[in-house]
Amino acid sequence: MFNKRVKIKDLLQQDANEQEVTVMGWVRTFRNNQFVALNDGSTNNNLQVVLELGKFDEELLKRITTSASLKVTGIVLPSQGKGQKLEVKATLLEILGDSDAEKYPLQPKKHSLEFLREIAHLRFRTNTYGSVFRLRHALAFAVHKFYNEKGFLYLHTPVITASDAEGAGEMFRVSTLPFDNPPRNEDGTINYKEDFFGKATNLTVSGQLEGELGATAFGEIYTFGPTFRAENSNTARHLAEFWMIEPEMAFCDLEDNMNLAEEFIKYIIRYAMEHNREDLEFLAQRLADEEKQLPQDKRSELGLIEKLEFVVNNEFERITYTEAIDILLQSPAYKKKKFQYDVKWGIDMQSEHERYLVEKHFKKPVIVTNYPAAIKAFYMRQDDGCEPGRETVAAMDILAPGIGEIVGGSQREERLDKLEQRMKEMHVPAEDLWWYLDTRRFGSVPHAGFGLGFERMVQFVTGMGNIRDVIAFPRTPKNCEF
RNA sequence: UCCUCCCUAGCUCAGUUGGUUAGAGCAUCUGACUGUUAAUCAGAGGGUCGCUGGUUCAAGUCCAGCGGGGGGAGCCA
């Protein structure tokens with residue numbers, strides 16, 4: 001019978017009622033041969049278990065080492081010590097699993113995130129990752145809660161896909177062919193007709209195209225699943241396997257799309273702030289301590305919680321691409337030639353430009369809309385009435401301080417002729433996407449959607465600087481451990 | 001993929017112009033103490049200096065290649 005155990009988080013919220021309880025967890029520290037700091041993952045706050053001197057066998061006490069797992073039954077009493085409101089005076093103590101202190105890599109001391117990343121299977125047992133992953137859970141739950149309350153249908157789009165048409169990046173090939181000797185056509189190319197699906201297949205880079213199929217039947221749908229990019233990206237904000245949320249709405253234009261994205265982001269942040277306050281406070285303190293070592297000018301103006309409150313309580317700035325370029329051209333940074341890359345209408349904005357807009361100029365999340373058609377995807381709706389040479393599309397990117405692009409979306413091109421013409425221009429094979437084009441053939445409607453990188457959202461909320469620290473088992477180039 | 005920095009004990013890091021037996025703090029172990037808060041005090045053990053090769057009388061230290069990691073950039077979410 002294990003299910004009679006009390007979660008430490010719940011126990012710590014009770015009064016010291018002198019009742020008997022049973023708790024289970026892992027030892028964080030064992031002080032003075034008397035005090036066990038026990039943690040069960042429900043909170044960073046440890047339960048103090050008191051072992052009265054002489055009551056327990058010496059050999060048993062020796063086995064209470066860092067991360068040994070314990071079952072403790074005892075009486076909940078007001079704590080005589082200072083660090084906690086209550087404690088459990090043990091009457092029964094059972095070691096469920098020993099932990100060899102000489103071999104166990106985690107110690108009751110500060111470890112670097114780089115080291116902990118190498119022991120990702122154990123890092124959940126630290127306060128930092130405990131808070132990060134409880135927050136990740138809260139955010140994921142809030143995503144579903146938000147869309148459910150809005151009447152969106154959760155659509156599971158496929159992980160394996162045959163469409164290579166989206167151009168969102170390099171793809172991972174999925175195949176059961178023998179890679180050392182695959183069947184070949186007469187011209188030497190690989191014969192995918194012999195492959196499992198009878199054609200070349202890959203892991204998905206986006207559920208959007210399938211999402212549009214759902215939206216043009218259910219009205220509003222969202223997807224929330226894993227996404228794969230085989231880019232050789234070695235940065236603190238890229239993963240080869242990450243999670244993305246992609247809502248797609250029929251009868252929806254660019255402005256509706258922006259409104260939803262802004263409301264959505266604020267909702268899930270607010271949910272985390274309400275439900276995981278202690279974890280946020282812990283991470284805020286961690287970040288503040290870390291920044292103490294930085295020079296004054298590199299430190300954040302706002303603490304983590306102040307930053308989130310600011311985002312939740314203020315409107316996102318909304319500007320067009322053209323306005324963004326004008327701001328950059330007028331900026332002191334541009335005039336002093338501080339930018340490494342040149343600024344002019346038509347460029348794809350570089351990180352330094354986006355950072356200037358978000359972190360220096362507006363100091364809040366910014367939604368940039370109506371990008372040049374030439375630098376955006378084929379499915380984005382072409383703006384009407386553009387002057388020649390300045391064609392734009394109804395795209396919108398949300399840029400967040402410290403993270404960069406957190407949302408990318410657009411109103412979709414619902415006019416069949418315009419879509420087909422654009423696909424031709426961009427060499428997207430229309431015959432492979434016949435099913436996508438059918439939505440424009442049969443009852444086409446104005447519709448829009450966006451993708452939100454979930455890990456980047458978790459980074460933003462937790463303040464973690466490296467995306468590898470907000471996903472349980474990060475997949476990056478040359479790294480697929482665990 | 002490019003630029004740049006780093007790799008010394010379980011962890012974090014010192015290690016001088018190349019020079020005898022490579023150090024510290026924390027952790028671990030042993031003992032003491034016992035209402036502690038990353039407990040404290042005393043002692044002990046613990047090293048293929050990332051790997052391979054080169055220069056040299058002599059390499060942790062200099063050079064080259066490879067591997068791994070950090071920061072920045074590109075690609076993007």
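Chain identifiers are assigned alphabetically (A, B, ...) following the order of the sequence lines, protein sequences preceding nucleic acid strands; residue numbering begins at 1 within each chain. What you see below is based on every heavy atom in this structure, not just the backbone, and it leaves out hydrogens, waters and symmetry mates.
Between A:Tyr104 and A:Ser67, the side chains place a donor N or O and an acceptor N or O closer than 3.5 Å (distance only, hydrogens not considered). Between the side chains of A:Tyr379 and A:Gln208, at least one donor N or O lies within less than 3.5 Å of an accepting N or O.
Distance from the side chain of A:Arg31 is smallest for B:rA39 among the nucleotides B:rA39, B:rG71, B:rG35. The side chain of A:Ala101 lies closest to B:rC29 when the candidates are B:rA39, B:rC75, B:rC29. The A:Gln48 side chain lies nearest to B:rG35 when the options are B:rC75, B:rG74, B:rG35.
In this structure, A:Glu59 does not pair ionically with A:Arg63, as no charged nitrogen and carboxylate oxygen lie closer than 4.0 Å. Ion pairing between A:Glu315 and A:Lys364 fails under the 4.0 Å rule for side-chain N and carboxylate O. No salt bridge links A:Glu263 with A:Lys266; every basic N to acidic carboxylate O contact stays at or beyond 4.0 Å.
Under a cutoff of 6.0 Å and an axis angle of 45°, A:Lys307 and A:Phe460 form a cation-pi pair.
As rounded to whole Å, 13 Å separates atom C1' of B:rC75 from atom NZ of A:Lys376. Look at CG on A:Asp397: it is 13 Å from P on B:rC75, rounded to the nearest Å. A:Arg117 has its CZ atom 16 Å from the P atom of B:rG68, to the nearest Å. One atom, CG of A:Asn33, and another, C1' of B:rG31, lie 12 Å apart when rounded to the nearest Å. Remark: C1' of B:rU37 and CG of A:Asn44 are 15 Å apart, rounded to the nearest angstrom. Put simply, CZ on A:Phe172 is 16 Å from P on B:rC76, counting in whole angstrom units. Atom CD in A:Glu405 sits roughly 13 Å away from atom P in B:rG74 (whole-Å rounding). Going from atom CD of A:Gln285 over to atom P of B:rA38 covers 14 Å, rounded to whole Å.
Rounded to the nearest Å, the gap between the C1' atom of B:rA59 and that of B:rU20 is 14 Å. Using atom C1' as the reference point in both B:rA38 and B:rA22, the two lie 29 Å apart (nearest Å). B:rG54 and B:rG10 are spaced 33 Å apart, taking the C1' atom of each and rounding to whole Å. Between the P atoms of B:rU28 and B:rC66, the separation comes to 41 Å (whole Å). A distance of about 48 Å separates the P atoms of B:rA58 and B:rG74, rounded to the whole Å. The same atom, C1', is picked in B:rA27 and in B:rA44; the two are 14 Å apart, to the nearest Å. Comparing B:rU36 with B:rU48, their C1' atoms are spaced 42 Å from each other, to the whole Å. One P atom belongs to B:rU8, the other to B:rC13, and the distance between them is 9 Å to the nearest Å.
A heavy atom lying under 4.0 Å from RNA chain B marks the following residues of residues 76-89 of chain A, by number: A:Ser79, A:Gln80, A:Gly81, A:Lys82, A:Gly83, A:Gln84, A:Glu87.
A:Asn234 comes within 4.0 angstrom of a nucleotide base, judged by non-hydrogen atoms across all strands. Backbone-only contact: A:Tyr341 has heavy atoms under 4.0 Å from sugar-phosphate atoms and none from a base. Within 4.0 Å (heavy atoms only), A:Leu239 reaches at least one base atom of the nucleic acid.
Within the model, atoms CD1 of A:Ile367 and CE of A:Met258 stand 6.0 Å from one another, a figure rounded to the nearest 0.5 Å.
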Could you list all N or O pairs between the protein and nucleotides 10-13 of chain B that sit under 3.5 Å apart?
residue	atom	partner	partner atom	Å
B:rG10	N2	A:Gln107	OE1	2.9
B:rG10	N3	A:Gln107	NE2	3.2
B:rC11	O2'	A:His111	ND1	3.4
B:rC11	O2	A:Lys109	NZ	2.5
B:rU12	OP1	A:Ser112	OG	3.0

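Remark: the A:Ser233 side chain and the B:rC76 base include no donor-acceptor N/O pair separated by less than 3.5 Å.
Shown here are the salt bridge (Lys or Arg N to Asp or Glu O under 4.0 Å) partners of A:Glu210, two or more places apart in sequence or in another chain: there are none. Partners of A:Arg123 according to the salt bridge (Lys or Arg N to Asp or Glu O under 4.0 Å) rule, which considers only residues two or more places apart in sequence or in another chain, are A:Asp469. By the salt bridge (Lys or Arg N to Asp or Glu O under 4.0 Å) test, A:Arg468 is found to be paired with no residue, residues two or more places apart in sequence or in another chain being considered.
Helical stems in RNA chain B, defined as runs of 3 or more consecutive Watson-Crick or G-U wobble pairs with donor-acceptor distances under 3.5 Å: B:1-7 with B:67-73, B:10-13 with B:23-26, B:28-32 with B:40-44, B:50-54 with B:62-66.
Counting heavy-atom neighbours within 6.0 Å of A:Lys103 NZ, excluding the residue itself, gives a total of 12 or less.
OP1 or OP2 of B:rA73 lies within a sub-4.0 Å distance of a side-chain N or O belonging to A:Arg237.
Residue A:Lys376 is tested with A:Asp348, A:Asp383, A:Asp397 for a salt bridge (Lys or Arg N to Asp or Glu O under 4.0 Å); the sole match is A:Asp397.
Ring to ring, A:Tyr154 and A:Phe224 are not that close: their centroids are 6.0 angstrom or more apart.
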